[in-house]
Amino acid sequence: LADLRSKITGAATSVMTDIVQHFGGASDGHVALAPLLFPVVESWLAPLSKLTINGNKLMGRQGSNCLLRVVAHCGRPDVAHADGRGGSCPCPDPSRLLTRLLAPLVDAAADPGRIGPAPSSPGGHPRMREAAARCLVVAARTWDRACLEAHADGLARAVGSALKDREGGVRKMGRDLYAALRA
């Protein structure tokens, strides 16, 4: 994902999505591989976040779309996870995934005067905040409500942060997130 060519990152994000979707079901014959892939899929989150803020808009869109697909698949209530909840899936535990997605918006709320990304994290970048909010909207629409309710305080801060953001795209996603959580 650190490659500077869009064809390479496009192929990598496509493979990532295929792995999550293929090994995410308990009905296929490859369930034994799923627990081994769990740390791999979790390790993709940081590079996908960095790809989301890439200056090349195509590559940024590839990272954002892959992140959305991983979030949409990994938090579904019908997907069994490798964390002891009855089955095997290469996806990160939805609770840990949600915590990581909340970070860019909650961090922005804690330091609203910061402009641009923090030196060690892409979370301060407007495209990362928008991608995180978009992923949270997908999570609010598709994930098990129990997981979302366990993070109610963080989600409330994320909604507030997104609604006050200086970027229009982030504010729109904040409104969508609020509506999705109310539904």
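- Across all non-hydrogen atoms, the minimal contact from Ala139 to Leu148 is O-CD1, 3.8 Å.
- Shortest non-hydrogen contact noted between Val71 and Cys135 is CG1-O, 3.6 Å.
- Nearest heavy-atom pair, Ser64 versus Arg134, reported as atom, atom and distance to 0.1 Å: OG-NH1, 4.4 Å.
- Leu67 has its side chain out of reach of Thr13: every pair of non-hydrogen atoms, C-beta onward, lies at least 4.5 Å apart.
- Arg129 contributes atom CZ, which lies 13.5 Å from atom OG1 of Thr52 (distance to the nearest 0.5 angstrom).
- For Arg182, the CZ atom sits in a loose shell: 12 or fewer heavy atoms of surrounding residues, nucleotides or ligands are nearer than 6.0 Å.
- Residues Gln62 and Thr9 bring a donor and an acceptor atom of their side chains to less than 3.5 Å of each other.
- For the residue pair Ala158 and Leu136, the shortest heavy atom distance occurs at CB-CD1, 4.1 Å.
- Here the straight-line distance linking atom CE of Met128 with atom CG of Leu51 works out to 11.0 Å at 0.5 Å rounding.
- Taking CG from Leu181 and CD from Glu149, the interatomic distance works out to 10.5 Å, rounded to the nearest 0.5 Å.
- Minimum heavy-atom separation, Val159 to Tyr178: CG1-CB, 4.0 Å.
- Proximity of Met16 to Leu48: side-chain heavy atoms (C-beta onward) are separated by under 4.5 Å at one or more points.
- Residues Glu167 and Glu130 have side chains not in contact (no heavy-atom distance under 4.5 Å, counting atoms from C-beta outward).
- The pair Lys172-Asp176 meets the salt-bridge criterion, with a side-chain N (NZ, NE, NH1 or NH2) lying under 4.0 Å from an Asp/Glu carboxylate O.
- Here the shortest heavy-atom pairing between Ala180 and Arg141 reads CB-CG, 3.9 Å.
- Exactly one of Arg175, Arg171, Met173 qualifies for a side chain to side chain contact (heavy atoms under 4.5 Å, CB included) with Leu163. That residue is Arg175.
- With a 4.5 Å cut-off on side-chain heavy atoms, Val170 and Lys164 do not count as touching.
- Side-chain atoms of Arg127 come within 3.5 Å of backbone N or O of Asn54 as a donor-acceptor pair.
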